[in-house]
Amino acid sequence: MPANKKLLVLPGDGIGPEVMGQVGRMVEWFGDRRALKFDLEEELVGGAAIDVHGVPVTDKTVDTATNADAVLLGAVGGAKWDSLPFEQKPERGLLRLRKDLGLYANLRPAICFDALVDASSLKPEVVSGLDIMILRELTGGVYFGSPRGIETLPDGTRRGVNTQVYTTPEIHRVARVGFELARKRGNKVCSVEKANVMESGVLWREEVQKLHDAEYQDVELSHMYADNCAMQLVRNPKQFDVIVTDNLFGDMLSDEAAMLTGSLGMLPSASLGDPDETGRRKALYEPVHGSAPDIAGQGIANPIACLLSFAMMLRYSLDLGGEADLVEGAVRNVLSGGKRTGDIAKPGEATVSTGEMGTAVLDELERLGA
Ligand code: NAD
């Protein structure tokens with residue numbers, strides 16, 4: 001019998017616990033019906049942790065996260081904690097987890113479910129069948145480089161400085177994730193930078209190419225300037241498979257790609273770190289959306305982003321692609337069958353609650369996979 005997988009569940013604030021509740025039901029289903037057993041630990045994070053422990057994440061939780069096979073997070077934040085100093089805000093809990101676990105590769109899939117093709121602002125033929133992956137470097141680049149700061153010059157002029165900086169290991173480790181992802185998908189990587197105007201972009205391009213030539217010649221590699229990529233994403237997004245890019249460009253391009261698919265309530269994400277000696281990467285999975293205080297406590301949040309984050313965990317942390325396909329297939333069929341939470345419903349269309357959407361996905365899982 002393989003050992004149970006250790007999962008740390010961090011529901012967080014607002015709709016976080018509501019959507020995570022549906023993941024809990026799915027975990028039970030996998031245990032009962034697919035003999036896939038998990039050892040679950042649940043801890044507080046964000047505002048919920050501040051209220052009880054006085055900090056947005058405790059050392060013990062970070063320790064548990066470090067030793068887990070994967071971490072699943074709901075969402076953090078809310079008005080109650082908005083007036084706290086920056087260093088004590090709920091979001092710092094999430095940032096600390098990313099930093100302490102060394103999660104440098106942020107995966108944001110943009111998948112357009114056929115049933116939701118009308119939710120995109122682009123023409124149906126442009127987005128129908130879309131399935132791309134934006135891979136963003138998460139712990140380096142201009143958001144972290146030094147020197148940084150705002151200074152006042154002798155003549156009274158103020159000057160703001162940030163520094164874009166990447167080293168070869170930083171570029172190689174994220175590019176490696178990109179090539180490995182591509183091998184499990186459409187086998188194409190597009191590396192994105194601004195080598196035409198930035199030295200860090202020249203280095204990025206050269207090093208990605210070097211790694212490709214040395215170890216990943218079986219994967220098709222292309223290079224693109226970030227401004228062109230932004231344009232191509234709305235012109236013809238289906239030309240891409242995996243896009244790998246730095247922290248700044250990835251921040252923007254992943255949001256742009258996400259919106260091709262319609263709603264925030266549908267978007268999962270993963271953040272991965274280095275593999276250990278067994279090949280297991282530290283990993284945190286979370287929906288892209290926040291704690292949605294405007295609808296929290298009403299039982300109407302869309303749980304699909306959180307359920308699809310669980311599917312990503314099955315695929316990338318547990319190497320259970322077939323089980324992940326099952327969850328994604330169940331979601332696809334439920335949407336095709338017309339079930340909608342409020343965020344993805346057309347005006348006047350009937351809507352279901354968070355729990356009803358969870359039940360519909362579980363019923364479909366049962367039909368597809370039991
Ligand atoms: P948000 O993502 O929480 O909400 C934006 C809009 O989308 C809201 O109208 C909300 O009702 C809707 N929405 C989001 N998720 C939904 C879902 N699953 N189902 C249905 N509707 C959904 O972003 P915001 O309003 O800018 O931020 C609210 C709080 O969340 C803030 O405190 C912010 O700091 C925090 N936040 C946290 C994370 C995170 O935990 N990773 C990410 C973004 C924002």
Side-chain angles (χ1 to χ4, degrees), residues 8-23 26 43-51 56-57 61 65 71-99 101 103 106-108 113 116 119 136 138 250-252 254-255 258-259 261-271 283-312 331 334-335 339-347 349 351-358 360-361:
L8 173 62
V9 177
L10 302 171
D13 307 318
I15 63 167
E18 299 172 38
V19 293
M20 195 61 85
Q22 303 310 311
V23 172
M26 192 170 272
E43 294 285 355
L44 302 172
V45 73
I50 293 172
D51 286 351
V57 66
T61 301
V71 181
L72 274 166
L73 187 136
V76 297
K80 182 175 173 193
W81 306 282
D82 274 354
S83 55
L84 289 174
F86 186 68
E87 283 306 313
Q88 296 165 23
K89 278 190 190 295
E91 289 74 7
R92 298 304 294 180
L94 183 47
L95 293 180
R96 173 161 177 214
L97 279 167
R98 285 181 185 154
K99 184 165 163 284
L101 269 60
L103 306 176
N106 184 229
L107 282 61
R108 294 256 299 252
F113 291 96
L116 295 184
R136 164 187 173 193
L138 200 59
D251 194 357
M252 290 166 206
S254 62
D255 269 14
M259 280 302 105
T261 67
S263 167
L264 213 46
M266 299 289 303
L267 298 167
S269 78
S271 302
L284 183 143
Y285 298 85
E286 56 180 324
V288 169
H289 62 72
S291 56
D294 53 333
I295 58 164
Q298 299 176 34
I300 58 171
N302 186 350
I304 291 179
C306 207
L307 294 172
L308 292 177
S309 301
F310 177 77
M312 287 187 85
V331 166
V334 165
L335 294 172
K339 286 267 186 313
R340 299 284 185 271
T341 42
D343 57 315
I344 49 173
K346 290 192 195 126
E349 210 171 22
T351 61
V352 298
S353 68
T354 309
E356 286 165 338
M357 183 57 99
V361 175

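Computed from a predicted model, the values in this text were never measured in an experiment. Every number for a ligand or one of its atoms is a count from 1 in the order of the listing.
Nearest protein neighbour of atom 22 (C) of ligand 1, counting heavy atoms only, is Ile295 CD1, 4.1 Å. When only non-hydrogen protein atoms are considered, atom 29 (C) of ligand 1 lies nearest to Ser291 OG, 3.2 Å.
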Requested in this report: Take Leu267 and Met259 through the side-chain contact (heavy atoms from CB on, under 4.5 Å) test and state the conclusion after the steps.
Outcome: CA-CA 9 Å; Leu267 298 167; Met259 280 302 105; 4.3 Å; yes
Query - Full working for side-chain contact (heavy atoms from CB on, under 4.5 Å) between Met266 and Thr341 - result: CA-CA 10 Å; Met266 299 289 303; Thr341 42; over 6 Å; no
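In summary, of the residues considered (Leu103, Val45, Thr61, Leu8), a side-chain contact (heavy atoms from CB on, under 4.5 Å) with Val71 occurs for Leu8 alone.
In this structure Glu286 satisfies the salt bridge (charged side-chain N to carboxylate O under 4.0 Å, His left out) test together with Arg98, sequence neighbours excluded. Residues satisfying the salt bridge (charged side-chain N to carboxylate O under 4.0 Å, His left out) criterion with Lys80, sequence neighbours excluded, are Asp51.
Using a 4.0 Å cutoff on heavy atoms, Ala301 counts as a contact of ligand 1.
When all heavy atoms of Gln22 and Gly355 are compared, the pair lying nearest together is NE2-CA, 3.7 Å.
The heavy atom nearest to atom 39 (C) of ligand 1, out of those in Ile344, Leu94, Asp294, is found in Leu94. Distances from atom 28 (C) of ligand 1 to the heavy atoms of Gly290, Gly265, Pro293, Gly78 put Pro293 nearest. Among Glu286, Lys80, Glu91, His289, the residue whose heavy atom sits closest to atom 34 (O) of ligand 1 is Glu91. Across the listed options Val76, Leu95, Ile15, Thr354, Ile15 owns the non-hydrogen atom lying nearest to atom 16 (C) of ligand 1.
Side chain of Arg340 to main chain of Val352: no donor-acceptor pair is present (N/O by atom type, distance under 3.5 Å, no hydrogens or angles). Proximity of a side-chain donor or acceptor of Asn106 to a complementary backbone N or O of Ser271 within less than 3.5 Å is not detected.
For Asn302, a nitrogen or oxygen atom sits less than 3.5 Å from a nitrogen or oxygen atom of ligand 1, counting backbone and side chain alike.
Distance screen at 4.0 Å: atom 19 (N) of ligand 1 has a protein heavy-atom neighbour inside the cut-off. Checking atom 3 (O) of ligand 1 against the protein gives a heavy-atom contact under 4.0 Å.
Here is the list of ligand 1 atoms found below 4.0 Å of a heavy atom in Ala75: 40 (O). Atoms of ligand 1 found under 4.0 Å from any heavy atom of Gly77, numbered from 1 in the order shown, are 32 (O). Within ligand 1, counting atoms from 1 as listed, the ones closer than 4.0 Å to a heavy atom of Asp343 are 19 (N), 20 (C), 21 (N). Close approach of ligand 1 to Leu264 is summarised as follows: ligand atoms under 4.0 Å from at least one heavy atom of the residue are 2 (O), 5 (C), 7 (O). Set against the non-hydrogen atoms of Ala292, the atoms of ligand 1 under 4.0 Å away are 3 (O), 10 (C), 11 (O), 14 (C).
Using a 4.5 Å heavy-atom threshold, the side chains of Val9 and Val23 count as separate.
Counting heavy-atom neighbours within 6.0 Å of Lys89 NZ, excluding the residue itself, gives a total above 12.
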